[in-house]
Amino acid sequence: MKNVSDHAQAASTFVSDAARTDWHDESLWQVRSKRDTAARAVDDWEELRQMASDIKDNVLANLDTYLIQLEKAALANGIEVHWAADAEEHNSIVADILAKNNARKVVKSKSMLTEECGLNPFLEEKGYEIFDTDLGERIVQLLDEPPSHIVMPAIHKKKSEIGSLFHEKMGTPAGESDPQILTEAARQDLRKAFLSADAAITGVNFGIAETGGFVVCTNEGNADLGMHLAPLHIACMGIEKIIPRAADLSVFMRLLARSATGQPVTIYSSHIHAPRPGARIHLILVDNGRSEHLAREKFRSGLKCIRCGACMNTCPVYRRSGGHSYHATLPGPIGAILNPGFDLKGYGDLPFASTLCGSCNDVCPVKIDIHEQLFHWRQVVKEGQAPLGVKAVAATMKRPRLFKLLGSIGKRLARIAPGPARKWLESRDLPPVPRKSLGELLAERESAQSNDRDDRKG
Amino acid sequence: MTEMTARDKILAAVSSARPQTSTILPDVSGRVSQQSDSIALFRTNLENSGAKVHVIGKNEIEDTVNDFSDFYGQRFHGDIALRDFTNVGSIAAPADLDGAALFVCTGQVGVAENGAIWLSDSNCIHRAALFLPEAVALVIEATSIVPTMHEAYEQIQIDAEGFGIFVAGPSKTADIEQSLVIGAHGPRSLHVLITS
């Protein structure tokens with residue numbers, strides 16, 4: 001899967017099972033519907049979105065100032081602060097902190113950033129024992145698969161498959177697929193890990209410049225069990241996750257969970273400003289391509305993303321192709337506009353995995369112009385190379401006689417379509433080709449009308 | 001000449017990349033919310049997330065928590081002293097709270113629009129006390145319930161203590177086929193006692 005660099009190709013296995021595609025589509029649509037209900041229950045929803053968007057625009061324009069402010073306040077609070085320019089640096093900082101604290105056993109809560117940096121394989125190679133503790137994340141870890149969704153990592157898996165996995169890994173009864181029983185098994189299994197872990201690694205939902213702390217949101221309480229039990233807590237944060245003021249949290253906390261799952265708020269929203277007595281907190285601020293992306297005027301607003309996943313749940317392509325088809329840590333529409341910035345060659349296919357329907361823009365809580373950016377990326381990707389088809393059409397249009405000729409043989413052309421065109425036709429049924437081309441019909445009509453006029457004259 | 005640190009590199013890159021014109025930060029304070037019955041909404045939201053809500057008199061706390069029969073085992077209290085409960089502060093290692101039946105402490109602010117309750121270190125004493133016991137009960141005064149998160153963040157100071165949290169229900173997950181399961185990693189039940 002890692003080497004696949006074409007969304008359509010990567011999606012082909014997933015979509016070959018029509019029943020499963022429908023099931024996936026419906027699961028996500030259900031989440032989208034819950035989001036709609038939750039959003040509609042808030043009178044000033046649109047006003048909140050605008051405020052969130054404005055705050056994030058302000059953040060991008062003052063990012064350096066806010067980062068310095070966050071660092072200073074965090075240090076004053078007793079939080080150790082590290083800076084990592086890229087994934088490699090991030091991973092070695094984590095390994096360094098773990099080594100200095102003699103930590104071997106690590107409980108992790110969900111963090112897209114550490115996924116992006118490939119932290120788990122890096123640490124496992126060094127002999128560290130890593131437990132992903134979010135249930136969905138644990139499932140994909142045991143399956144040795146990447147998450148397919150940023151909020152619901154195992155949304156692509158059926159309970160029967162999870163049942164077989166747990167039977168193999170945790171000894172649940174064969175054939176058991178009741179979510180209640182499977183969740184209980186994972187709870188028992190991971191409780192032992194929480195109680196004996198040397199370190200907890202979490203992501204960060206919001207870093208607060210004003211107060212030098214950060215917020216971590218979960219429904220399961222797994223991030224909290226990790227960080228309040230282990231003597232060492234490492235929080236990994238992308239530099240764009242910063243917000244200026246504590247009061248700004250009121251806006252984002254009203255938007256985040258409603259956009260993500262349709263809940264009015266996550267069950268646990270923890271605000272961390274200092275370690276508990278005897279424990280230590282390290283905060284790692286990670287760039288990894290973000291500052292480079294900030295320089296791209298047309299695309300920088302993608303950095304406003306708060307990782308709610310609403311654009312995925314609403315996307316007709318994501319819902320029917322599955323998260324893995326995006327062959328990237330961040331799938332869906334937001335992934336399709338952020339990944340090409342980090343690796344244009346590797347992810348140049350993603351902006352095309354969209355119908356440009358614009359639904360992602362409508363649900364985005366921070367009003368990122370996702371579908372406009374998808375379109376802009378297409379121009380960047382195709383610059384100078386492929387719009388052969390477009391060029392051919394343009395050339396044809398300029399030559400009336402050629403246009404006429406091609407129009408009359410168009411139906412035959414469709415059947416013998418070359419490479420890319422045939423691919424496009426694979427999943428589409430062409431309407432029956434009319435007996436006569438438009439040009440021929442027009443000519444007939446004109447001659448009939450002129451006959452008519454002649455008749456009347458006569 | 002010293003080599004540029006990652007910090008310098010990142011800050012320099014950000015400073016040259018960022019837009020030169022800045023959007024003015026919107027005023028998020030002083031938003032007045034129109035809500036007719038905050039307590040009823042607070043209750044509904046908590047119940048929707050699987051919490052059990054008890055509306056009681058101020059002197060009925062002890063009787064109410066003593067009636068809970070969700071789980072059997074040792075019971076702890078945080079910042080609210082209760083007969084037959086162990087003071088959580090007497091526990092040396094928070095891991096000892098594993099398998100405890102119940103933990104009770106007070107909350108500072110309740111939020112009607114989402115059922116969230118704010119509390120901090122001085123309420124729970126041990127942060128893990130909110131997560132390891134099988135059940136948790138939070139006591140909140142009816143007068144501390146505000147309409148939305150805006151009023152809540154105006155009332156609290158998030159960095160007053162090292163840890164503060166909004167709790168809005170029992171631990172839950174829907175990671176297996178979107179089926180809701182209460183009691184993921186943390187408490188299997190949350191009781192909220194609204195006192196007046």
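First the proteins, then the strands, lettered A, B, ... as listed; each starts at 1.
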A.B. asks: Can you name the one residue among B:Phe131, B:Trp118, B:Phe166 that meets ring-ring contact (aromatic ring centres under 6.0 Å, His included) with A:Tyr268?
C.D. replies: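 Exactly one candidate clears the test, B:Phe131.
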A.B. asks: So, do B:His54 and B:Phe68 sit near enough that their side-chain heavy atoms are less than 4.5 Å apart?
C.D. replies: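 A side-chain contact exists here, since the closest heavy-atom pair is under 4.5 Å.
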A.B. asks: For B:Pro187, which atoms come within 4.5 Å of any heavy atom of chain A: side chain, backbone, both, or neither?
C.D. replies: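 For B:Pro187, backbone and side chain are both near chain A.
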A.B. asks: Among A:Thr65, A:Asp54, A:Thr133, which has the most heavy-atom pairs under 4.5 Å with chain B?
C.D. replies: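 That would be A:Asp54.
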A.B. asks: Is any side-chain heavy atom of B:His126 closer than 4.5 Å to a side-chain heavy atom of B:Phe76?
C.D. replies: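 The answer is no, as the side chains (C-beta and beyond) never meet within the 4.5 Å cut-off.
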A.B. asks: Just checking, is any N or O donor in the side chain of A:Trp83 or A:Glu71 under 3.5 Å from an acceptor N or O on the other one?
C.D. replies: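 Per modelled atom types, A:Trp83 and A:Glu71 side chains form a pair under 3.5 Å.
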A.B. asks: At a 4.5 Å cut-off on heavy atoms, which part of A:Ile162 comes close to chain B: side chain, backbone, both, or neither?
C.D. replies: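 The side chain, not the backbone.
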A.B. asks: In terms of heavy-atom proximity below 4.5 Å to chain B, should A:Asp86 be classed as side chain, backbone, both, or neither?
C.D. replies: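 Contact with chain B is absent: no heavy atom of A:Asp86 under 4.5 Å.
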A.B. asks: Identify which of B:Ala174, B:Ser49, B:Gly183 forms the greatest number of heavy-atom pairs closer than 4.5 Å to chain A.
C.D. replies: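 If we count pairs closer than 4.5 Å to chain A, B:Gly183 comes out on top.
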A.B. asks: Is a donor from one side chain sitting under 3.5 angstrom from an acceptor on the other, for A:Lys304 and A:Ser53?
C.D. replies: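 Yes.
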A.B. asks: Are A:Glu137 and A:Lys110 ion-paired here, with the side-chain N under 4.0 Å from a carboxylate O?
C.D. replies: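 No salt bridge links A:Glu137 with A:Lys110.
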A.B. asks: Of all of A:Val216, A:Leu249, A:Val31, which one pairs up most often with chain B through heavy atoms under 4.5 Å apart?
C.D. replies: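 Sorted descending by pairs with chain B, the first entry is A:Leu249.
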A.B. asks: Would you mind checking which part of B:Glu161 comes under 4.5 Å of any heavy atom in chain A, side chain (CB onward), backbone (N, CA, C, O), both or neither?
C.D. replies: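 B:Glu161 touches chain A through backbone heavy atoms alone.
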A.B. asks: Using a 4.5 angstrom heavy-atom cutoff, name the option from A:Arg187, A:Lys159, A:Met51 with the most pairs to chain B.
C.D. replies: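 Highest number of pairs under 4.5 Å: A:Arg187.
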A.B. asks: Pick one of side chain, backbone, both or neither for A:Leu303, based on which atoms fall under 4.5 Å of a heavy atom in chain B.
C.D. replies: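 No part of A:Leu303 comes within 4.5 Å of chain B.
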A.B. asks: Between A:Arg300 and chain B, with a heavy-atom cut-off of 4.5 Å, which part of the residue counts as in contact: side chain, backbone, both or neither?
C.D. replies: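 Just its side chain gets close to chain B.
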A.B. asks: Under a plain distance cut-off of 3.5 Å, with no hydrogens placed, do A:Asn219 and A:Thr266 share a side-chain donor-acceptor pair?
C.D. replies: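 Checked: A:Thr266/A:Asn219 side chains show no N/O donor-acceptor pair below 3.5 Å.
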A.B. asks: May I ask you to name which of B:Leu132, B:Leu190, B:Leu180 has the most heavy-atom pairs under 4.5 Å with chain A?
C.D. replies: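 Greatest number of close heavy-atom pairs with chain A: B:Leu132.
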A.B. asks: Using 0.5 Å steps for rounding, measure from the CG atom of B:Leu46 to the CD1 atom of B:Ile117.
C.D. replies: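 It is 5.5 Å, given to the nearest 0.5 Å.
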A.B. asks: Start with the C-alpha gap between A:Asp44 and A:Arg254, add the side-chain angles, then the distance that decides, and say whether salt bridge (charged side-chain N to carboxylate O under 4.0 Å, His left out) holds.
C.D. replies: CA-CA 11 Å; A:Asp44 48 353; A:Arg254 295 189 76 191; 3.5 Å; yes
A.B. asks: Quick check on A:Ala247 against chain B: is it the side chain, the backbone, both or neither that has a heavy atom closer than 4.5 Å?
C.D. replies: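 Both the backbone and the side chain of A:Ala247 come within 4.5 Å of chain B.
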A.B. asks: Using non-hydrogen atoms only, which part of A:Glu47 is less than 4.5 Å away from chain B: side chain, backbone, both, or neither?
C.D. replies: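 Only the side chain of A:Glu47 comes within 4.5 Å of chain B.
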A.B. asks: With a 4.5 Å cut-off on heavy-atom pairs, point out which of B:Lys9, B:Met149, B:Arg127, B:Gln178 contacts chain A the most.
C.D. replies: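 Winner by heavy-atom pair count: B:Arg127.
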A.B. asks: Report yes if some heavy atom in the side chain of A:Ile267 is under 4.5 Å from a heavy atom in the side chain of B:Lys172; otherwise report no.
C.D. replies: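 A side-chain contact under 4.5 Å exists here.
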A.B. asks: Given heavy-atom pairs under 4.5 angstrom as the criterion, report whether the side chain, backbone, both or neither of A:Leu67 touches chain B.
C.D. replies: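 Just the side chain, heavy atoms under 4.5 Å.
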A.B. asks: Checking heavy atoms, do the side chain of A:Leu48, its backbone, both or neither come under 4.5 Å from chain B?
C.D. replies: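 A:Leu48 touches chain B through side-chain heavy atoms alone.
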A.B. asks: Let me know if B:Ser16 has heavy atoms under 4.5 Å from chain A in its side chain, its backbone, both or neither.
C.D. replies: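 Looking at B:Ser16, nothing touches chain A.
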A.B. asks: Tell me, out of A:Leu195, A:Ile139, A:Ile272, who's got the most heavy-atom pairs with chain B below 4.5 Å.
C.D. replies: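 When all of A:Leu195, A:Ile139, A:Ile272 are compared, A:Leu195 has the most.
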A.B. asks: Picking from B:Leu82, B:Val104, B:Ile80, B:Asp84, what satisfies side chain to side chain contact (heavy atoms under 4.5 Å, CB included) with B:Glu62?
C.D. replies: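 The option that passes is B:Leu82.
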A.B. asks: Checking heavy atoms, do the side chain of A:Ile155, its backbone, both or neither come under 4.5 Å from chain B?
C.D. replies: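 The answer is the side chain of A:Ile155.
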A.B. asks: Taking side chain as C-beta onward, heavy atoms only, is B:Leu25 less than 4.5 Å from A:Arg245?
C.D. replies: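 Side chain of B:Leu25 against side chain of A:Arg245, heavy atoms only: contact under 4.5 Å found.
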A.B. asks: State the OG-CD distance between B:Ser122 and B:Gln108, to the nearest 0.5 angstrom.
C.D. replies: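 With rounding to 0.5 Å, OG (B:Ser122) is 6.0 Å from CD (B:Gln108).
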A.B. asks: Side chain from CB out, backbone as N, CA, C, O: work out which of these in A:Glu184 comes under 4.5 Å of a heavy atom of chain B, or both, or neither.
C.D. replies: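 Just the side chain, heavy atoms under 4.5 Å.
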A.B. asks: Less than 4.5 Å to any heavy atom of chain B: does that hold for the side chain of A:Lys158, its backbone, both, or neither?
C.D. replies: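 Its backbone and side chain both get close to chain B.
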A.B. asks: Measure the acute angle between the ring planes of A:Phe214 and A:His233, then classify it against the limits of 30° and 60° as parallel, tilted or perpendicular.
C.D. replies: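 Perpendicular, since the angle between the ring planes exceeds 60°.
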A.B. asks: Give the member of A:Gln263, A:Gln188, A:His228 that has the highest number of heavy-atom pairs under 4.5 Å with chain B.
C.D. replies: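 Among A:Gln263, A:Gln188, A:His228, the one with the most close pairs to chain B is A:His228.
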A.B. asks: Which of parallel (below 30°), tilted (30 to 60°) and perpendicular (above 60°) describes B:His185 and A:Phe194?
C.D. replies: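 Aromatic pair B:His185/A:Phe194 classed perpendicular.
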A.B. asks: Would you mind telling me which of A:Val151, A:Leu135, A:Val215 has the largest number of heavy-atom pairs within less than 4.5 Å of chain B?
C.D. replies: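 Most heavy-atom pairs within the cutoff with chain B belong to A:Leu135.
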A.B. asks: Check each atom of A:Glu220 against the heavy atoms of chain B and say whether the ones under 4.5 Å are side chain, backbone, both or neither.
C.D. replies: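 For A:Glu220, backbone and side chain are both near chain B.
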A.B. asks: Non-hydrogen atoms of chain B under 4.5 Å away: do they reach the side chain of A:Pro244, the backbone, both or neither?
C.D. replies: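 Contact with chain B: side chain only.
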A.B. asks: Do B:His191 and B:Thr64 come close enough that some side-chain heavy atom pair is under 4.5 Å?
C.D. replies: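 Not in contact.
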A.B. asks: Given a strict heavy-atom distance threshold of 4.5 Å, which part of A:Arg258 is in contact with chain B: side chain, backbone, both, or neither?
C.D. replies: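 It is the side chain, since no backbone atom gets that close.
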A.B. asks: Determine the option with the most heavy-atom pairs under 4.5 angstrom with chain A, choosing from B:Pro19, B:Gly164, B:Ser179, B:Ala168.
C.D. replies: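 Top count of heavy-atom pairs under 4.5 Å with chain A: B:Pro19.
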